[in-house]
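Here is the structure we will look at, set down as structure tokens.
Computation of the quantities below employed the complete heavy-atom set of this structure, encompassing side-chain atoms and omitting hydrogens, waters and symmetry-equivalent molecules. Being a predicted model, the structure only gives us computed values, none of them experimental. A, B, ... follow the sequence lines: proteins, then strands. Residue 1 opens every chain.
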Number of protein chains: 2
Amino acid sequence: MPRTTRQRTAVADLLDGVPDFHSAQDLHRMLHDRGERVALATVYRTLQVLTDLGEVDSVRGPDGELRYRRCEAEAHHHHLVCRSCGTTVELDAAAVEAWAGGIARAHGFTDVEHTVELFGLCARCGSRSADAR
Amino acid sequence: MPRTTRQRTAVADLLDGVPDFHSAQDLHRMLHDRGERVALATVYRTLQVLTDLGEVDSVRGPDGELRYRRCEAEAHHHHLVCRSCGTTVELDAAAVEAWAGGIARAHGFTDVEHTVELFGLCARCGSRSADAR
DNA sequence: TAGTTCATGAGAACTATTCTCATTACGGAG
DNA sequence: CTCCGTAATGAGAATAGTTCTCATGAACTA
Ligand SMILES: [Mn+2]
Ligand SMILES: [Mn+2]
Ligand SMILES: [Zn+2]
Ligand SMILES: [Zn+2]
């Protein structure tokens, strides 16, 4: 159903080459810097399509804006993100899945979804800020 | 340092009487319906003050807007929220805390924060939607 | 290759939130 | 109790992310 266009290819290719989460506006800027002319609205639309297809993950940053990333894992997973440099680790959270399911059941809830995201300073950024002191 | 004003009292009292998460705009509307004249900007400012004081919790909904609630628990905790009626359960997530700490350490991350929120259908809403079928 | 339909671009529109700044009113000092 | 300094408020403008509108362009299909 989705049609293959120059713009969609450009967005998909960009995401393939970028390891961290980025906002739609960031990605639009990166495309522009690469000389790719894609309208901002098209970037938004494409990200939505890719998200619906499950090809990209989206996470809301603390400021509330959505950030997108092409993840390795196909299946459901969570993230550990460096809030300084953006380095991202994909997490398999079996322990948390079990906990969430049990808690929901215990309270009579059904059809449960969850959000679990970890933010911190990666080893490199952590040591750098320690140096700065 | 924070000054006690009619407006702040109104917002705080409202939160005391409302059990679920609500957006700033919702709360503003509720105040208006109660005959309390408080400017929207003041509702926002007051919620920020109360949040900073740790007297209210804020969580970002799926649509990205912040929702506020006065919680029972003083300490750090998470929530299980009915996405139909808003009923909220406060969760003590010791198991998840341990998991998050261990994962972060294992990846060399420091200064880690996390978001963990569960959304589903409460017992009542779940059975109602089953009936509808 | 021609026609149908989906996708795009440009900018307007929307929404949540924050900011500006003139005015009001806590709350401590006297 | 009254006066003052200063924090808080109100009204609307300003911001910022995201979505929508609609005329135009480009994929696919027969
Ligand atoms: Mn999970
Ligand atoms: Mn926790
Ligand atoms: Zn880092
Ligand atoms: Zn419910």
Pair A:Glu90-A:His78, side-chain donor/acceptor within less than 3.5 Å: no
Residues A:His28 and A:His22: side-chain donor-acceptor under 3.5 angstrom: no
[X] (side chain) donor-acceptor with [Y] (main chain) under 3.5 angstrom:
X: B:Thr42; Y: B:Val38; value: no
X: A:Arg60; Y: B:Pro62; value: yes
X: A:Arg6; Y: A:Arg37; value: yes

Just how far, in rounded Å, is [atom2] of [N] from [atom1] of [X]?
X: A:Leu40; N: C:dA13; atom1: CG; atom2: P; value: 17 Å
X: A:Asp52; N: C:dA7; atom1: CG; atom2: P; value: 12 Å
X: A:Arg37; N: C:dT8; atom1: CZ; atom2: C1'; value: 14 Å
X: B:Glu36; N: D:dT9; atom1: CD; atom2: P; value: 13 Å
X: A:Arg8; N: D:dA26; atom1: CZ; atom2: P; value: 15 Å
X: A:Asp26; N: D:dA16; atom1: CG; atom2: C1'; value: 14 Å
X: A:Leu27; N: D:dT18; atom1: CG; atom2: C1'; value: 14 Å
X: A:His32; N: C:dG9; atom1: NE2; atom2: P; value: 12 Å

Aromatic ring pairing A:His77/A:His79, orientation class (parallel under 30°, perpendicular over 60°, tilted between): perpendicular
Joint cluster assignment, B:Tyr68 & B:Leu31, ILVMFWY side-chain distance < 4.5 Å: yes
DNA chain D contacts among residues 56-66 of chain A, heavy-atom distance under 4.0 Å: A:Glu65, A:Leu66
Respond yes when some side-chain nitrogen or oxygen of [X] is under 4.0 Å from OP1 or OP2 of [N], and no when none is.
X: B:Tyr44; N: C:dT18; answer: no
X: A:Arg45; N: C:dA7; answer: no
X: A:Gln48; N: D:dT18; answer: no

Sidechain N-carboxylate O distance under 4.0 Å for B:Asp111, A:Arg83: yes
Charged N-O contact under 4.0 Å between B:Glu55 and B:Arg70: yes
Reading 5' to 3' through nucleotides 22-30 of chain C, protein heavy-atom contacts under 4.0 Å coded B for base, S for sugar-phosphate only, - for none: ---BBS---
